[in-house]
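Working notes, beginning with the structure itself.
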Amino acid sequence: MPKLGLIFPRFRYPSGDYPLGLALLGAVVRRELSWQVALCDTTFDPRLGHVAEFLDRERPDVVGIGLSTLMLGEALQVARLAADRGIPVVAGGPHATTEPEELLRHPAISAAVIGEGERPLLALLPMLAEGRAAPVPGAWVKGRDGTVWPATGRDPWPDLDDLPLPAWDLVDMPTYLSAWGQLDSVRPGLRGVNVSGARGCPFSCTFCQPVLDAMFGKKLRQRSPRSLVEEIGALKDRYDIEGFWFTDDTFTTNRHWVEGFCDTLEDSGLRLLWGCTTRANLIKPELLRRMHSVGLRKLGIGLESATQRVREGIYGKGVSAEAVAQTVTHAHEIGVQTLLFLMLGAPDESRREMIATIEAATRLPASEASFSLFVPIPGTDVHRQMVAAGYDLSRDVTDYDYYARQPFTGAVDRRELRMLQRWAYLRFYSHPLRWRSLARTAGSRAGMRSLGRKLRRIAPGSGGGA
Ligand code: B12
């Protein structure tokens, strides 16, 4: 029986978020092609030697690598290890979606899949295993003589309910469960896992689109509440989870669907705690109350910047600061914690504007805040706009570090920007509004572990923790 070797080359910023996309691909390949599948995940053992051992032990017929832009450098090294052993390599994930041509220029890579990988992979595997090359919907393919067939478009999976359960047996789930931290502020050390309920995003934030569009399309496609609750039930049976977090970009886009999900979850009797991310203008207090009644305890909300000029003029967010303040306050009153997403360092953002964002976030009764440094991801609208405005973004993307360094010089220099980021965390978490939850975190070993991971991200010379 032929074998697929999947590789998740996450060498930096380990986190408790398991490679859900790869686990799904593994399950689909097993079900549809009856191939064997093995998975090498470098998250908790980030060494090239670990990958080489995997390749020599498993001897896969084809290797599939999933990569975001942050993983590009290591992914190319991993591809070379496979090619040195004569194994054809197919790349997929966000970076393959936005830069397929660039990836195919690399001698070790034979195909790059655009967006959803399930259908293209099923078509590619038998072909690559036989050493053939031909056009495949949803993939860029390179022949042995260097001929390249571009993808004619995406080839999405038509019915999300028809996907098998992710192949959890391929992943080190016990380690992921203990490293998972999405609901740590609710209860430190809570055992949980991520789930995905939908694909597609109808919104147009310039720091994200059209990358998400290219991956999953503009139209929102949702799983039925029943299929989702079955997956959550299976996770409870197998791993005794206490909670879960939705990776969906905007969980409450469709209110009726959310109500249906809440009913189905309630009927299941599972009684788990959970969280999700949404836009502040898409969740009214009645819906929040209903979600809270079936276990919602945390909501991720993007404010990005408190100033209209940056939030709307540069990021095109389409959500007012007032809507964010209202939703955070309502959630607080109802008993749902909020995690605010903010960015510092837009191209010409001034120190004063950044301080306004830090102060606005600090005043809100949110339990957590994530102050990222703004980084223009290749393929996004804001990246294009910056290039048109004359910014030099030619820097090698393998040198990008989304947490600790900007690849361009903005109105505030890099050193000061990092200082502002550290000050933002200090200011936010030292405010009396956060004292209670800080005390809870400090009082437990799991809480301190999770705090340590977050602090490593902003510490001088940092390299780990997500
Ligand atoms: C959950 C999540 C995370 C988790 C980690 C998830 C993980 N296990 O890697 C956390 C919170 C840690 C995270 C961190 C970051 N993330 Co993130 N994240 C997401 C999110 C919201 C959901 C991912 C997911 O589970 N999707 C559902 C599964 C089913 O899809 P999937 O994994 O993409 O897999 C499908 C395809 O990509 C493809 N595929 C994937 N691998 C492979 C492999 C092969 C061989 C093939 C053929 C196909 C294929 O097929 C899969 C099934 O259809 C996405 C947005 C989104 N809606 O997808 C952003 C997203 C992936 N993240 C992004 C970014 C930028 C980041 C950060 C850099 C941001 C930051 N400053 O914090 C960091 C970097 C982390 C890192 N090491 O790379 C970008 C990536 C853009 C890019 N060009 O790389 C995305 C697309 C959001 C966006 N639009 O900006 N993230």
Side-chain angles (χ1 to χ4, degrees), residues 4-29 39 41-43 46 62-72 74-75 89-99 109 111-125 136 138-139 154-157 160 163 166 171 176 179-182 194-201 203 205 207-216 245-250 277 300 341 343 370-380 382-383 397 400-404 457 464-466:
L4 167 66
L6 290 168
I7 303 181
F8 189 52
R10 174 161 58 182
F11 282 69
R12 286 179 285 168
Y13 299 120
S15 86
D17 309 280
Y18 83 98
L20 175 56
L22 288 182
L24 271 176
L25 293 173
V28 169
V29 166
L39 194 149
D41 177 359
T42 59
T43 303
V62 179
V63 156
I65 305 178
L67 71 148
S68 68
T69 301
L70 191 73
M71 302 173 181
L72 177 63
E74 291 88 353
V89 174
V90 44
H95 195 74
T97 302
T98 53
E99 309 292 334
I109 296 178
V113 166
I114 309 295
E116 289 166 59
E118 291 86 358
R119 280 168 63 93
L121 195 59
L122 293 179
L124 282 165
L125 287 182
V136 165
R154 299 185 305 119
D155 189 12
W157 191 260
L160 298 186
L163 284 171
V171 182
Y176 272 110
W180 192 78
Q182 304 282 9
N194 291 352
V195 292
S196 163
R199 293 181 183 181
C201 174
F203 305 104
C205 307
F207 50 83
C208 202
Q209 295 292 20
V211 171
L212 267 188
D213 216 358
M215 287 177 69
F216 298 116
W245 181 270
F246 280 105
T247 61
D248 303 26
D249 301 289
T250 310
T277 301
F341 296 112
M343 284 188 277
S370 160
F371 293 94
S372 304
L373 299 188
F374 165 75
V375 172
I377 297 174
T380 56
V382 73
H383 187 276
V397 292
Y400 270 34
D401 183 320
Y402 290 88
Y403 291 112
R457 207 157 83 185

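Note that ligands are numbered from 1 as they come in the structure, with each ligand's atoms numbered from 1 the same way. If you're wondering where the values come from, they're calculated on a predicted model, not measured in any experiment. Along the sequence shown, the residues carry numbers beginning at 1.
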Which heavy atom of [X] sits nearest to which heavy atom of [Y], and what is that distance?
{"X": "Ala198", "Y": "Asp248", "result": "N-OD2, 3.2 Å"}
{"X": "Val171", "Y": "Ala23", "result": "CG2-CB, 4.3 Å"}
{"X": "Leu4", "Y": "Val63", "result": "CD1-C, 4.4 Å"}
{"X": "Asp17", "Y": "Tyr176", "result": "O-CE2, 3.6 Å"}
{"X": "Ser196", "Y": "Thr247", "result": "CB-OG1, 3.5 Å"}
{"X": "Arg10", "Y": "Ser15", "result": "NH1-OG, 3.2 Å"}

Using a plain distance cutoff, I'd like to know if [X] has any nitrogen or oxygen under 3.5 Å from a nitrogen or oxygen of ligand 1.
{"X": "His95", "result": "no"}
{"X": "Ser68", "result": "yes"}
{"X": "Glu116", "result": "no"}
{"X": "Phe207", "result": "no"}
{"X": "Asn194", "result": "no"}
{"X": "Asp17", "result": "yes"}

Atom indices of ligand 1 within 4.0 angstrom of [X] heavy atoms, with elements:
{"X": "Glu118", "value": "52 (C), 53 (O)"}
{"X": "Tyr18", "value": "8 (N)"}
{"X": "Ser15", "value": "12 (C)"}
{"X": "Leu22", "value": "41 (N), 42 (C), 43 (C)"}
{"X": "Val90", "value": "45 (C)"}
{"X": "Val113", "value": "47 (C)"}
{"X": "Ile65", "value": "43 (C), 44 (C), 45 (C)"}
{"X": "Met71", "value": "78 (O)"}

Under 4.5 Å between any side-chain heavy atoms of Arg12 and Pro46, yes or no? no

Does Arg199 come within less than 4.0 angstrom of ligand 1, counting non-hydrogen atoms of the residue? yes

Would you say Trp157 touches ligand 1, if touching means a heavy atom closer than 4.0 Å? no

Any donor-acceptor pair under 3.5 Å linking the side-chain atoms of Arg154 with those of Thr97?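 Side chains of Thr97 and Arg154: no pair found under 3.5 Å.
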
For Leu22 and Asp41: C-alpha separation, side-chain torsions, deciding distance, then whether side chain to side chain contact (heavy atoms under 4.5 Å, CB included) applies. CA-CA 10 Å; Leu22 288 182; Asp41 177 359; over 6 Å; no

Can you tell me if Ser68 uses its side chain to pair, donor with acceptor, with the backbone of His95 under 3.5 Å? no

Under 3.5 Å: donor-acceptor pair, side chain of Glu116, backbone of Trp157: yes

Structural part of [X] in contact with ligand 1, heavy atom criterion under 4.0 angstrom:
{"X": "Thr69", "value": "both"}
{"X": "Leu25", "value": "side chain"}
{"X": "Thr247", "value": "both"}

Among Gly115, Pro94, Gly21, which one has a heavy atom closest to atom 36 (C) of ligand 1?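 It is Gly115 whose heavy atom sits nearest to atom 36 (C) of ligand 1.
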
Per atom 45 (C) of ligand 1, closest listed option by heavy atom (Gly64, Gly93, Cys208):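 Comparing heavy atoms across Gly64, Gly93, Cys208, the nearest one to atom 45 (C) of ligand 1 lies in Gly64.
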
Take Thr277 and Trp245 through the test side chain to side chain contact (heavy atoms under 4.5 Å, CB included) and record every step on the way to the result. CA-CA 9 Å; Thr277 301; Trp245 181 270; 3.6 Å; yes

One pair to check against side chain to side chain contact (heavy atoms under 4.5 Å, CB included): Asp249 and Phe203. What are the steps and the verdict? CA-CA 10 Å; Asp249 301 289; Phe203 305 104; over 6 Å; no

